[in-house]
Every structure is written in C-alpha cells, then in structure tokens.
Amino acid sequence: MALAVGACSSCAAPNLYTTPRAAPVGKFTSVVAPQLVRRLDPDTDAFAVLLGARLGLAKRLDIGLRTNLASVGADIKWNAVRTDFFDLALDGGVQLMPETLYVDMPILAGFNLSEDISLLVSTGITLGKGEEPSMNSRETFDDGIRNHPPAGRVLIRGGVGAQFRFTSSFAVVPEFTYLGPLDGGRNGTSEFISAGLGFCFGALPY
C-alpha cells in the first residue's frame, strides 16, 4: 500500500516502485518512498513520502494499494512474460481523489542485468475524469475559489527506473514518471513529472 504525507493537498501518485514480476504468492512486499511531484506550466512542486505494499495472489499475479492522504489507489499486475533476462507485465489500476478519477493502464518491462539489478521501463495510457488535482496545500475543496482545468480524458505516461537488490528482502528503486495529456493540453490540462526513491522490504520475486 502506498501512503504519501506532504505538501500536496491532492496530487496524483503515478510511480509504482515495482518490477514486472509479481510478489511471491501469499507474501507482502512493502515500500517507503520519498518523492517529488512537479506540475509543469505553471511549475508547482509537491513533496510526499509514500508507504506501500503488494500482495502476491498467484505465481504471476499480485495486487497493490496506495494512498497519499488525499488520494487512494489500487492496481492489479499480471506478469505475462517472465524469463531470466526479460520480464513484461500488464498493470491496470485506479487513483481516486476528491474531484478526480484516474484509470491507469501501464505496461511494465524489466531487463535483468544481473541477479541483483533490473532496469525498468514503463509506458501506457491513463484515462482521466473530473478536475485536475490541486498542488496547493492551502486550498480546500469547499473554499469556493477553485478553478481547476479538467483532468484530461486521455494521458500518455512513460517511466524509467531500476531496482537494486541488496538482499533477498531489501531493494532500492529510483523511479521517474512522466504523465501528460494526449491532446497537448489544449483544454488546460497540465503535464506532471514524478521522481522518487523507493525502499522495498519483504519477499522479493528474485
């Protein structure tokens, strides 16, 4: 499960801090990840600390939960391809905020450079409904001064990262994700980037 505490009153949390491989069946993998989310044009930053967990449901299937005190998210991941050198997963999920719904559909690819290091690449789309999340911690959703642009119907996403496994139950995952509207922001929807450092604890699928 991912918990974010910080400056944002309601901001998206696109980083997953996971590899394509599913968590071992019946086992949890937890994550602590400080991260920075930036909205582009106008530039606004929000800092958050995420706590998260994944549970293995089957050999190639797991589920993850996350929240940042202003949003709640969940996803289910299917590890469609699993080899010694390359892994691929389809990961569908949702993020809920007071005025926003995102449906995430990323594809996760992992290149296993060694037993201890994997290079992670992701791409896909996100469907948005409602208003774009606020990045202002002083703003509430009933203050009557909101004039948010739409969340965007279709957004593209892409990310890069890596997992460094120091032991069988501890890994570090730096991750960077871009999220932006497919229409180029003609309706006022902004682009977002998210960069964070995840610390993973528990049973790793390697």
Side-chain angles (χ1 to χ4, degrees), residues 1-5 8 10-25 27-33 35 37 46 48-82 87-110 118 120-133 150-161 163 173 175-182 189 191-196 198 200 202 204-205:
M1 175 164 127
L3 167 68
V5 199
C8 55
S10 179
C11 57
N15 287 11
L16 296 172
Y17 305 104
T18 185
T19 70
R21 293 196 181 187
V25 179
K27 303 290 186 180
F28 283 96
T29 302
S30 58
V31 177
V32 178
Q35 72 172 19
V37 178
V49 178
L50 287 93
L51 306 175
R54 306 196 69 85
L55 171 65
L57 302 178
K59 183 177 180 181
R60 297 195 179 194
L61 193 70
D62 71 11
I63 187 171
L65 300 174
R66 61 189 185 275
T67 179
N68 65 1
L69 296 186
S71 71
V72 177
D75 67 279
I76 187 164
K77 182 179 67 183
W78 174 46
N79 181 196
V81 177
R82 181 169 178 168
D87 300 311
L88 185 72
L90 306 179
D91 191 16
V94 297
Q95 295 182 65
L96 297 173
M97 283 155 276
E99 300 289 333
T100 315
L101 168 65
Y102 286 126
V103 178
D104 299 313
M105 294 179 284
I107 299 173
L108 312 179
S118 296
L120 309 175
V121 180
S122 66
T123 188
I125 64 172
T126 292
L127 306 179
K129 183 177 177 61
E131 296 184 353
E132 184 173 282
R153 290 186 178 181
V154 182
L155 301 98
I156 57 173
R157 57 181 293 147
V160 294
Q163 186 180 78
V173 184
E175 184 173 342
F176 173 92
T177 302
Y178 165 84
L179 186 67
L182 188 61
T189 303
E191 298 173 286
F192 291 85
I193 56 175
S194 177
C200 302
L204 301 175

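What you see is a predicted model, and the numbers here were worked out from it, not measured in a lab. Here, residue 1 is the first one in the sequence, and each next residue gets the next number.
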If only atom types and distance count, is the side chain of Ser122 paired as donor or acceptor with the main-chain N or O of Gly159 below 3.5 Å?
->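 It does hold such a pair.
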
Any donor-acceptor pair under 3.5 Å from Arg157 side chain to Pro14 backbone =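 Such a contact is found between Arg157 side chain and Pro14 backbone.
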
If I take atom [atom1] from residue [X] and atom [atom2] from residue [Y], how far apart are they, to the nearest 0.5 angstrom?
{"X": "Leu101", "Y": "Leu96", "atom1": "CG", "atom2": "CG", "result": "5.5 Å"}
{"X": "Ser30", "Y": "Leu55", "atom1": "OG", "atom2": "CG", "result": "12.0 Å"}
{"X": "Leu108", "Y": "Thr123", "atom1": "CG", "atom2": "OG1", "result": "10.0 Å"}
{"X": "Ile125", "Y": "Leu155", "atom1": "CD1", "atom2": "CG", "result": "9.5 Å"}
{"X": "Phe192", "Y": "Thr177", "atom1": "CZ", "atom2": "OG1", "result": "13.5 Å"}

Would you name the heavy atoms of [X] and [Y] that are closest together and state the gap between them?
{"X": "Gly198", "Y": "Ala33", "result": "CA-CB, 3.6 Å"}
{"X": "Leu120", "Y": "Pro20", "result": "CD2-CD, 4.1 Å"}
{"X": "Ala58", "Y": "Ala22", "result": "O-CB, 4.4 Å"}
{"X": "Pro106", "Y": "Asp104", "result": "CD-C, 3.4 Å"}

side-chain contact (heavy atoms from CB on, under 4.5 Å) evaluation trace for Leu16 with Asp75 | CA-CA 9 Å; Leu16 296 172; Asp75 67 279; 4.2 Å; yes

Donor + acceptor pair across side chains of Lys129, Thr100 (<3.5 Å) |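 On atom types as modelled, these side chains do not qualify, holding no pair under 3.5 Å.
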
Indicate yes or no: at least one non-hydrogen side-chain atom of [X] is less than 4.5 angstrom from one of [Y].
{"X": "Ile107", "Y": "Leu88", "answer": "yes"}
{"X": "Arg54", "Y": "Lys77", "answer": "yes"}
{"X": "Val173", "Y": "Cys200", "answer": "yes"}
{"X": "Pro150", "Y": "Glu132", "answer": "no"}

Show the numbers, then the answer: is there a side-chain contact (heavy atoms from CB on, under 4.5 Å) between Ser194 and Leu179?
-> CA-CA 8 Å; Ser194 177; Leu179 186 67; over 6 Å; no

Looking at Glu175, Arg66, Gln35, which one forms a side chain to side chain donor-acceptor pair (under 3.5 Å) with Tyr17?
->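 So the option named by the test is Gln35.
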
Counterpart residues, side chain to side chain donor-acceptor pair (under 3.5 Å), relative to Tyr102 (two or more places apart) |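 Partners of Tyr102 under the side chain to side chain donor-acceptor pair (under 3.5 Å) test: none.
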
Results of side chain to side chain donor-acceptor pair (under 3.5 Å) for Asn79 - residues two or more places apart only |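 Partners of Asn79 under the side chain to side chain donor-acceptor pair (under 3.5 Å) test: none.
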
Is the shortest distance from a Lys or Arg side-chain nitrogen in Asp87 or Arg21 to a carboxylate oxygen in the other one below 4.0 Å?
->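 So Asp87 pairs with Arg21 through a salt bridge.
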
Stepwise side-chain contact (heavy atoms from CB on, under 4.5 Å) check, Met97 with Glu99 | CA-CA 6 Å; Met97 283 155 276; Glu99 300 289 333; over 6 Å; no

Leu127 and Met105: CA distance, side-chain angles, deciding distance, side-chain contact (heavy atoms from CB on, under 4.5 Å) verdict = CA-CA 8 Å; Leu127 306 179; Met105 294 179 284; 3.8 Å; yes

Run through Asp91, Leu57, Asp62, Leu90 and flag the one making a side-chain contact (heavy atoms from CB on, under 4.5 Å) with Trp78.
->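 Among Asp91, Leu57, Asp62, Leu90, the one meeting side-chain contact (heavy atoms from CB on, under 4.5 Å) with Trp78 is Leu90.
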
